[in-house]
Amino acid sequence: MNTQLSEAPVREAATNGPGPAIRLATLPAGGAAPTVDAAPEYVVELRDVSCYYGAFRAVRNVDIKVAKNAITALIGPSGCGKSTLLRTINRMNDLVPSYRSEGQIMLDGQDLFAKEVDPVAVRRRVGMVFQKPNPFPKTIWENVAFGPKVNGYKGNLNELVETSLRRAALWDDVKDKLKQSGMSLSGGQQQRLCIARTIAVNPEVILMDEPCSALDPRSTLQIEELMAELKREYTIVIVTHNMQQAARASDTTVFMTMGEDRAGFVVEQGPTAQIFTNPRNQLTEDYVSGRFG
Amino acid sequence: MTTAARPLTRHRPLSERIIEVLLFLSAAVGVVTTLGIVAVLVFETLDFFVVVSPIDFFTGTFWSASILPRAWGVLALVSGTVLVAAIALVIAVPLGLLAAVFLADYASPRVRTVVKPILETIAGIPTIVLGFFAVNFISPQLLIPLLGRNNIGGFSALAGGIVVGLLITPLIASISEDSMRAVPRGMREGAYAMGATRFEVVRKVVFPAAISGIMASIILAMSRAIGETMAVLLAVGAKPQFTIDPTESVQTMTAFIAAISLGETAQGSIEFKSLFAVGLTLFGMTLVLNLISGWVVRKYRTAY
Ligand SMILES: Nc1ncnc2c1ncn2[C@@H]1O[C@H](COP(=O)(O)OP(=O)(O)OP(=O)(O)O)[C@@H](O)[C@H]1O
Ligand SMILES: [Mg+2]
């Protein structure tokens with residue numbers, strides 16, 4: 001579980017077993033499961049994180065705790081830096097040449113910004129689902145097998161592909177056409193394929209950036225049900241513009257907004273029910289009630 | 001006023017019709033010219049085949065247009081052409097693709113804006129200059145010291161192939177890079193998000209997604225290499241022979257046509273007519289390549 005994030009030993013992350021099945025076994029067994037009043041266990045902790053594009057500060061001094069096996073929703077007006085923050089957690093933004101970040105992001109007690117940490121290794125433990133479904137122009141099978149292959153997975157790929165597709169609630173739709181292109185699927189199916197693909201790498205955390213914004217209401221509901229299912233084994237952080245979705249689907253909500261300088265910051269975070277029914281901050285109240293000021 | 005008052009019949013102003021005719025005429029010029037060229041080629045070639053048997057022409061491996069005894073085996077010229085083009089591709093395909101990958105996925109925007117125009121300038125160098133470069137630099141300074149005077153002369157298919165390779169590298173690099181850059185960023189990000197390294201992203205996502213453009217660029221480069229004249233005219237010599245030895249001097253189809261056209265060949269003579277037969281063969285080869293290229297693009301195109 002405590003896989004290194006530095007260059008050399010990362011490949012074993014995926015080689016140490018038949019994927020998701022192992023994770024089930026490593027979860028706390030019945031008795032050890034956190035009870036309601038026990039302090040929640042945090043998988044990811046952002047400490048004083050600031051993000052810059054060149055000289056522009058897009059996000060400032062963010063502290064967020066992401067609880068294990070829960071869904072954390074990130075909401076806030078357009079441009080307040082939700083995507084930026086999300087893409088910082090899996091070090092995706094390292095691909096943007098002008099990008100730079102400050103602070104600490106702790107994943108299982110390791111700082112993701114530490115010098116010796118390899119972004120590639122981080123992304124193997126922190127998966128991501130994007131706004132626009134982005135399957136590869138390959139077969140459905142290849143789409144799911146891609147991640148395990150690049151991670152040097154040694155087990156039975158067919159099995160892993162099947163389990164992953166089942167977990168993403170897509171197996172029944174595609175079991176007879178695994179050889180067809182992933183791009184031939186409907187939008188909702190494509191997004192579930194992207195989720196299956198992410199699960200296949202067996203990450204600890206799954207980041208989702210507006211995963212339903214390109215989908216119809218029915219597919220959206222399917223994805224939400226799927227998330228509720230997935231949080232039993234994974235920790236999920238989702239960015240959404242859909243207030244009902246955040247209210248329905250998440251356990252914790254983080255509300256961000258931006259200041260005069262357009263730098264985004266966290267206004268308030270807490271249990272979703274509290275944020276939506278009894279926010280402490282006026283800005284939050286205005287935003288969640290649709291009186292966006 | 002009711003809408004019914006407006007006529008539903010066709011009415012086009014005169015200017016519309018004039019424009020249409022003009023557009024049609026300019027398109028027609030291109031088509032007519034091409035057909036005219038093909039007609040002349042075919043006509044003269046048929047005339048040539050009255051004297052020389054097409055079977056001898058297409059299967060013979062000896063070519064001697066001016067020196068007696070004459071021989072009309074076009075395979076000697078075809079082999080020279082194919083040999084030079086093959087050497088050129090062996091050089092240009094890896095070089096061009098590496099350059100494309102570098103520009104598309106590794107170079108910073110600043111480096112790209114500097115390097116790409118430079119690369120494309122190479123394609124703009126007059127090919128006669130490249131031929132000159134082959135004769136005066138590649139052969140004497142590079143090939144002869146490297147391989148030994150006994151093994152390679154001042155003119156060789158290798159020298160020609162190298163310069164033609166340099167000439168078509170930018171073509172492959174530029175078109176391949178365009179098609180790699182057309183692969184959406186989201187697709188790359190999807191792969192990165194699963195812990196793929198940059199090289200894995202290039203190899204397993206970008207390259208396969210861009211394969212139709214890449215193949216098209218290679219076939220286009222091949223057809224360019226086959227049609228290239230001035231560089232090979234200087235570099236490979238003028239010795240038509242059926243060989244696959246790159247150190248030999250050969251003659252390509254284009255170089256033969258150029259040489260004979262520049263010489264004092266009487267119009268209507270058999271040598272003169274042979275030009276058309278060779279030209280038609282060349283035309284056929286590049287036509288087939290272009291057709292293959294079109295087919296490849298259609299077959300492997302990925303819709304994003
Ligand atoms: N690659 C980039 N280069 C420079 N600036 C960027 C880049 N990406 C985002 N920004 C800027 O950073 C700020 C935050 O953008 P971000 O995409 O994180 O917002 P967001 O909260 O996700 O918005 P939305 O809800 O519209 O998706 C914006 O001002 C944006 O213009
Ligand atoms: Mg966003």
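A, B, ... follow the sequence lines: proteins, then strands. Residue 1 opens every chain. Both backbone and side-chain heavy atoms feed into the values below; hydrogens, waters and symmetry mates do not. Keep in mind that what you see is a predicted model, and the values were worked out from it rather than measured.
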Answer whether the closest heavy-atom distance between the side chains of Y192(B) and N90(A) falls below 4.5 Å.
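Heavy-atom side-chain distance check fails, nothing below 4.5 Å.
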Would you call M187(B) and P135(A) a side-chain contact if the rule is heavy atoms closer than 4.5 Å?
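No, their side chains stay 4.5 Å or more apart.
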Could you tell me which non-hydrogen atom of [X] sits nearest to which non-hydrogen atom of [Y], and how far apart they are?
{"X": "P208(B)", "Y": "K138(A)", "value": "CG-NZ, 4.1 Å"}
{"X": "F146(A)", "Y": "A196(B)", "value": "CE2-CB, 4.1 Å"}
{"X": "M92(A)", "Y": "A193(B)", "value": "CE-N, 3.9 Å"}

Mind checking salt bridge (charged side-chain N to carboxylate O under 4.0 Å, His left out) for D209(A) and listing every partner two or more places apart, or none if nothing turns up?
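Applying salt bridge (charged side-chain N to carboxylate O under 4.0 Å, His left out) to D209(A) gives none.
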Would the number of heavy atoms belonging to other residues, nucleotides or ligands and lying under 6.0 Å from [atom1] of [X] be above 12?
{"X": "Y99(A)", "atom1": "OH", "answer": "yes"}
{"X": "Y52(A)", "atom1": "OH", "answer": "yes"}
{"X": "I244(B)", "atom1": "CD1", "answer": "no"}
{"X": "F199(B)", "atom1": "CZ", "answer": "no"}

Can you tell me which portion of L95(A) sits under 4.5 Å from chain B's heavy atoms? Options are side chain, backbone, both or neither.
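The side chain, not the backbone.
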Chain B contact via V129(A) - side chain, backbone, both or neither, heavy atoms under 4.5 Å
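No part of V129(A) comes within 4.5 Å of chain B.
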Kindly compute the distance separating CG (N151(A)) from CE (M194(B)), expressed to the nearest 0.5 Å.
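So the CG of N151(A) and the CE of M194(B) are separated by 9.0 Å.
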For side chain to side chain contact (heavy atoms under 4.5 Å, CB included), just list the numbers for R87(A) and E189(B), CA-CA rounded to whole Å, side-chain angles, deciding distance to a tenth of an Å, and then say yes or no.
CA-CA 11 Å; R87(A) 294 163 57 90; E189(B) 290 191 334; 2.8 Å; yes
